[in-house]
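I have placed the structure first, in the form of structure tokens, so that the comments after it can refer back to it.
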Amino acid sequence: MTASGTEARHPASTGLHARPGGDVLRILLEAQVAALAALQPALPALERAAEAAAETLRRGGKLGYAGAGSSGLMALADCLELAGTFGIAPERTPMMFAGGTEALLHLQGSVEDDPRLALADLDRSGLAAGDVLLCLSASGRTPYALAICAAAQERGVTVAGLANVAGSALLERADIPVLIETGAEVVSGSTRMGAATAQKVALNMLSVLVAIRLGHVHDGYMVNLVADNIKLVDRAARIVAAVAGVGRDAAEAALSRSGGAVKPAILVARGMAPDMAKARLAEAGGLLAPLI
């Protein structure tokens, strides 16, 4: 049987072990760049997934992430950063990772083959009808991902499946199939490379579009960030100053009056009372654009 997709032989892999280090690195870099090209035809599907996710979060629902191994790590990275970058509460973005926290210190292949673990993780996530799940699997046939996909759909959850192999089971089953056909890996089957790189970039783009739709990004500024360290407090002040068109002192004063929240601080810096700023933002669905 001829291997296909991520298990196929890459033409540059022959004799890889005998090449000079610089050649090896060049080949690996070229393969990573080529994997990103596979995102271009996936853009319409990624847009559909992002719009569905944004609508769910706008209505108070949840956006879940699920995956095993390298795909799970890519999902986890995106999921964890939503709170600090865009101010989306962690309880609104549950993560289902095969093997749980123990697997983060030592990846175990066996956990991705156990559907019972997948169902238990789904139960803990609290995903319900009307929510959205981003389910990732490079091969598109990981039992953990397939089990969560099917069970989530039975509960009325919309599943966007991201996979790197055309015609795979996850893409056939998902409500929103997202094919990122990266093809053969230089190290055959090592989907932590091209496949995972493309998945991570896909999630980066998807979550930014979600944040834009929710009003958490304005003119390229992360206006809903949670400023919980010195760097982010400084960034918050710079954002308020830039968007409101005021000086640094005025920006810091507005942030202080707004409890550190960037969006209302922008309106406060432009002359609006804090309570009115919060009320107007609520009326506008969290969008700054109609108010400034």
Side-chain angles (χ1 to χ4, degrees), residues 33 36-37 39-40 42-58 63 65 74-75 77-90 92-93 132 134 160 162 178 180 197-272 274 277-278 280-292:
V33 172
L36 293 181
L39 289 167
Q40 188 66 43
L43 292 180
L46 285 171
E47 181 180 4
R48 290 195 298 273
E51 299 290 1
E55 178 58 28
T56 292
L57 291 171
R58 188 181 296 113
L63 169 63
Y65 289 74
M74 298 305 102
D78 197 70
C79 179
L80 288 177
E81 292 183 329
L82 294 180
T85 306
F86 302 127
I88 300 173
R92 303 278 302 284
T93 58
V132 170
L134 304 178
L162 284 71
V178 183
I180 310 170
T197 294
Q199 286 182 346
K200 182 62 174 76
V201 174
L203 291 175
N204 286 346
M205 296 189 297
L206 190 156
S207 56
V208 169
L209 181 53
V210 168
I212 289 172
R213 291 292 183 258
L214 294 175
H216 298 341
V217 175
H218 181 88
D219 276 348
Y221 291 108
M222 50 180 83
V223 293
N224 208 48
L225 67 82
V226 176
D228 59 1
N229 62 31
I230 294 173
K231 176 186 72 176
L232 293 182
V233 169
D234 175 70
R235 181 179 297 165
R238 286 188 283 109
I239 290 171
V240 172
V243 178
V246 299
R248 176 65 179 246
D249 290 345
E252 290 180 350
L255 279 166
S256 179
R257 295 179 64 197
S258 305
V262 172
K263 282 187 193 178
I266 290 169
L267 299 179
V268 169
R270 290 169 61 88
M272 196 177 290
K278 292 178 181 178
R280 294 293 303 279
L281 280 168
E283 293 171 1
L287 300 174
L288 272 172
L291 306 177
I292 60 177

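Atom CG of L80 and atom OG1 of T93 lie 8.0 Å apart (nearest 0.5 Å). The CE atom of M222 sits 8.0 Å away from atom CG of L232, with the distance rounded to the nearest 0.5 Å. E252 CD to D234 CG: the interatomic distance, rounded to the nearest 0.5 Å, is 8.5 Å. Note that CD1 of I180 and CG of L46 are 6.0 Å apart. Values are rounded to the nearest 0.5 Å. Between the CG atom of L134 and the CG atom of L63 there is a distance of 4.5 Å, given to the nearest 0.5 Å. Atoms CG and CG, from L214 and L209 in turn, are 9.5 Å apart once rounded to the nearest 0.5 Å.
Listed here is the closest heavy atom pair of A237 and R248: CB-NE, 3.4 Å. The minimum heavy-atom distance linking A198 with L36 is given by the pair CA-CD2, 4.2 Å. Summarising the geometry of A75 relative to L203, their closest heavy-atom pair is CA-CD1, 3.7 Å, with the distance given to 0.1 Å. Among all heavy-atom pairs drawn from G215 and V223, the shortest one is O-CG2, 3.5 Å. Looking at every heavy atom in both residues, P264 comes nearest to K278 through CB-CG, 4.3 Å. Contact between L255 and A261 at its shortest, heavy atoms only, is CD2-O, 3.9 Å.
Between R48 and E51 there is no salt bridge, since none of the side-chain N atoms of the basic residue sits less than 4.0 Å from a carboxylate O of the acidic one.
Within the structure, every pair that satisfies the side chain to side chain donor-acceptor pair (under 3.5 Å) test and touches residues 254-272, not counting sequence neighbours, is listed here: H216-K263.
For the pair H218 and I292, the minimum side-chain heavy-atom distance is below 4.5 Å. Contact check for I88 versus N224: no side-chain heavy atoms found under the 4.5 Å cut-off. Considering only heavy atoms from C-beta on, L39 comes within 4.5 Å of M205 through its side chain.
No donor-acceptor distance shorter than 3.5 angstrom exists from the side chain of R213 to the backbone of A50, with no hydrogens or angles considered. Judged by distance alone, the side chain of D219 and the main-chain N or O of Y221 form no donor-acceptor pair under 3.5 Å.
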Quiz item: Is there a side chain to side chain contact (heavy atoms under 4.5 Å, CB included) between L267 and L288 once you walk through the steps?
Solution: CA-CA 9 Å; L267 299 179; L288 272 172; 4.1 Å; yes
